[in-house]
S.K.: 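First the structure, which I've put down as structure tokens, then a few questions once you've had a look.
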Number of protein chains: 2
Amino acid sequence: MIIKLFDSELKVMEVLWEYGDTTAKRIAEILKEQVGWSKTTTYTVIKKCIEKGAIERKDPNYICRPLITKEQVQEFETSELINKMYDGAADQLVASLLDSRKLSSQEIERLKKLINDLE
Amino acid sequence: MIIKLFDSELKVMEVLWEYGDTTAKRIAEILKEQVGWSKTTTYTVIKKCIEKGAIERKDPNYICRPLITKEQVQEFETSELINKMYDGAADQLVASLLDSRKLSSQEIERLKKLINDLE
DNA sequence: TATTAAGTTCTACCAGGATAGAATAAGTTA
DNA sequence: TAACTTATTCTATCCTGGTAGAACTTAATA
């Protein structure tokens with residue numbers, strides 16, 4: 001399933017991913033605290049997420065449950081970046097990362113292991 | 001230098017990166033052809049790029065010259081993604097790429113080489 | 001120099017995402 | 001059931017990026 005989430009929607013999803021299934025009320029409290037959102041804002045955005053199929057809310061307790069994982073969104077956003085900035089070539093992105101020294105030596109070690117252990 | 005380029009600005013920059021230094025007129029022609037932009041739109045966006053320091057235009061021929069490279073923008077956009085979606089950890093992004101099978105086996109081979117040859 | 005054409009800027013409109021106040025619905029308790 | 005609280009939606013505003021028409025300026029040419 002491919003859904004483009006806006007930044008505001010992402011904020012709501014992140015609460016769910018971090019805190020697990022919970023009520024709209026609770027999400028509102030958390031976002032009030034974290035980013036100062038009014039209760040209404042949170043409810044509006046939750047509604048959008050439900051309409052988009054990113055959240056479902058079933059009786060009896062009206063618990064909000066994410067229908068997409070953080071990994072799915074990561075993948076989607078990453079694909080967008082690759083298409084927009086790297087001509088669709090994922091390896092160019094990695095090459096650029098290695099190149100730009102954005103990775104610490106520990107990270108590089110970890111990746112080296114990852115990639116060599118592949119398949 | 002850190003500049004956030006909007007999508008429209010990126011279009012102009014991409015023309016410069018691809019075609020090399022050239023006149024506003026030429027850029028307008030290309031973007032007219034490529035994406036249907038009116039001449040005015042192109043000029044407006046070029047102006048924004050100049051104000052932002054992404055393009056310079058010097059006498060006598062009013063040639064537009066990019067002041068930032070595609071690589072810089074790639075790096076910037078990639079950083080944004082990493083911060084937004086991967087808690088600032090670049091290696092998580094790479095791990096996710098390996099995981100999601102976005103990379104062909106050729107690409108993986110190439111990366112394996114790249115990473116093992118590092119340092 | 002007058003006329004025309006090309007280059008550039010000024011200004012404005014439009015769409016969409018972010019945000020929230022007021023209104024309404026639903027649930028609770030006396 | 002009335003009074004009150006809490007949950008939810010309706011509607012609207014604001015802001016910003018994308019886009020371009022009209023006006024203006026500069027250059028070319030008759």
Side-chain angles (χ1 to χ4, degrees), chain A residues 2-16 19 21-65 68 73 76-77 80-81 83-85, chain B residues 2-16 19 21-65 68 73 76-77 80-81 83-85:
Chain A
I2 311 126
I3 314 172
K4 168 74 184 165
L5 291 179
F6 301 131
D7 286 358
S8 58
E9 295 163 349
L10 203 53
K11 282 217 192 75
V12 168
M13 297 307 292
E14 267 162 356
V15 171
L16 284 177
Y19 293 82
D21 303 4
T22 187
T23 60
K25 176 186 161 72
R26 181 89 202 293
I27 300 173
E29 284 166 359
I30 292 168
L31 286 173
K32 172 78 159 192
E33 151 81 20
Q34 274 184 14
V35 288
W37 275 9
S38 88
K39 182 182 57 176
T40 310
T41 300
T42 301
Y43 276 103
T44 305
V45 177
I46 289 176
K47 195 142 181 280
K48 295 265 183 63
C49 289
I50 293 172
E51 284 162 11
K52 278 189 174 180
I55 291 180
E56 88 173 356
R57 187 159 46 160
K58 289 242 191 78
D59 296 15
N61 296 317
Y62 289 98
I63 297 289
C64 292
R65 194 166 70 81
I68 54 178
V73 179
F76 180 74
E77 297 277 324
E80 278 198 331
L81 176 74
N83 288 328
K84 182 175 161 197
M85 292 305 309
Chain B
I2 310 127
I3 315 172
K4 167 73 185 167
L5 292 178
F6 300 132
D7 286 359
S8 57
E9 294 163 349
L10 203 53
K11 283 217 191 73
V12 168
M13 297 308 292
E14 266 161 356
V15 171
L16 284 177
Y19 295 81
D21 303 3
T22 187
T23 60
K25 178 185 160 75
R26 181 89 201 294
I27 299 174
E29 283 165 3
I30 293 169
L31 286 173
K32 172 78 161 192
E33 150 81 21
Q34 276 184 12
V35 289
W37 275 9
S38 87
K39 181 183 57 175
T40 308
T41 300
T42 301
Y43 276 105
T44 305
V45 177
I46 290 177
K47 197 143 179 280
K48 296 264 183 65
C49 290
I50 293 172
E51 284 162 9
K52 278 190 175 181
I55 291 179
E56 87 172 356
R57 187 159 46 160
K58 290 243 189 78
D59 297 14
N61 296 317
Y62 290 97
I63 298 289
C64 293
R65 194 167 69 82
I68 54 178
V73 180
F76 181 75
E77 297 277 324
E80 277 199 332
L81 176 74
N83 288 329
K84 183 175 160 195
M85 293 304 309

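As the structure is a computational prediction, the values presented were derived from the model and not from experiment. Residue numbering restarts at 1 for every chain, and letters A, B, ... go by the order of the sequence lines.
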S.K.: Can you name the closest pair of heavy atoms from B:Leu5 and B:Ala54 and give their distance?
M.R.: CD2-CB, 4.1 Å
S.K.: When the distance from CG of B:Leu10 to P of D:dG18 is rounded to whole Å, what number comes out?
M.R.: 10 Å
S.K.: Where each residue is assigned the nucleotide of DNA chain C containing its nearest heavy atom, which of A:Gly36 and A:Phe6 is assigned the position nearer the 5′ end?
M.R.: A:Phe6
S.K.: D:dT19 phosphate, OP1 or OP2: any side-chain N/O from B:Thr41 under 4.0 angstrom?
M.R.: no
S.K.: Specify the separation, in whole Å, of atom NZ of A:Lys4 and atom C1' of C:dG17.
M.R.: 12 Å
S.K.: By nearest nucleotide on DNA chain D, pick out whichever of B:Val45 and B:Lys39 is the more 5' one.
M.R.: B:Val45
S.K.: So for atom CD, which belongs to B:Glu33, do other residues, nucleotides or ligands contribute more than 12 heavy atoms lying within a distance under 6.0 Å?
M.R.: no
S.K.: Answer yes or no: does a side-chain N or O of B:Lys25 lie under 4.0 Å from OP1 or OP2 of C:dG7?
M.R.: yes
S.K.: Could you tell me how far apart B:Asp7 (CG) and C:dG16 (P) are, to the nearest whole angstrom?
M.R.: 15 Å
S.K.: Starting at atom CD1 of A:Ile63, determine the distance to atom C1' of D:dA7, rounded to an integer number of angstrom.
M.R.: 14 Å
S.K.: Would you indicate whether the side-chain heavy atoms of B:Lys4 and B:Glu80 approach each other to under 4.5 Å?
M.R.: yes
S.K.: Looking at every heavy atom in both A:Tyr62 and A:Arg57, which two are closest together, and how far apart are they?
M.R.: O-CD, 3.1 Å
S.K.: Between B:Tyr43 and C:dT9, does any side-chain N or O lie under 4.0 Å from OP1 or OP2?
M.R.: no
S.K.: What is the distance, to the nearest angstrom, from the CG atom on A:Leu31 to the P atom on D:dA7?
M.R.: 16 Å
S.K.: Hey, which of these two, A:Ser8 or A:Thr40, hits DNA chain C nearer its 5' end, going by closest nucleotide?
M.R.: A:Ser8
S.K.: Does A:Lys48 have a side-chain nitrogen or oxygen under 4.0 Å from the phosphate oxygens OP1 or OP2 of C:dG17?
M.R.: no
S.K.: Output the rounded distance in Å from CD (B:Gln34) to P (D:dG18).
M.R.: 17 Å
S.K.: Taking atom P of D:dT19 as reference, at what distance in whole Å does atom CD1 of B:Ile46 sit?
M.R.: 14 Å
S.K.: Looking at D:dC10, D:dG21, C:dT19, which one has an atom nearest to any side-chain atom of A:Trp37?
M.R.: C:dT19
S.K.: Which listed nucleotide (D:dA7, D:dA20, C:dA20) is nearest to the side chain of B:Thr44?
M.R.: D:dA20
S.K.: Side chains of B:Lys32 and B:Thr42: closer than 4.5 Å at any heavy-atom pair?
M.R.: no
S.K.: Within this structure, what is the NZ-to-P distance between A:Lys47 and C:dG17, rounded to whole angstrom?
M.R.: 16 Å
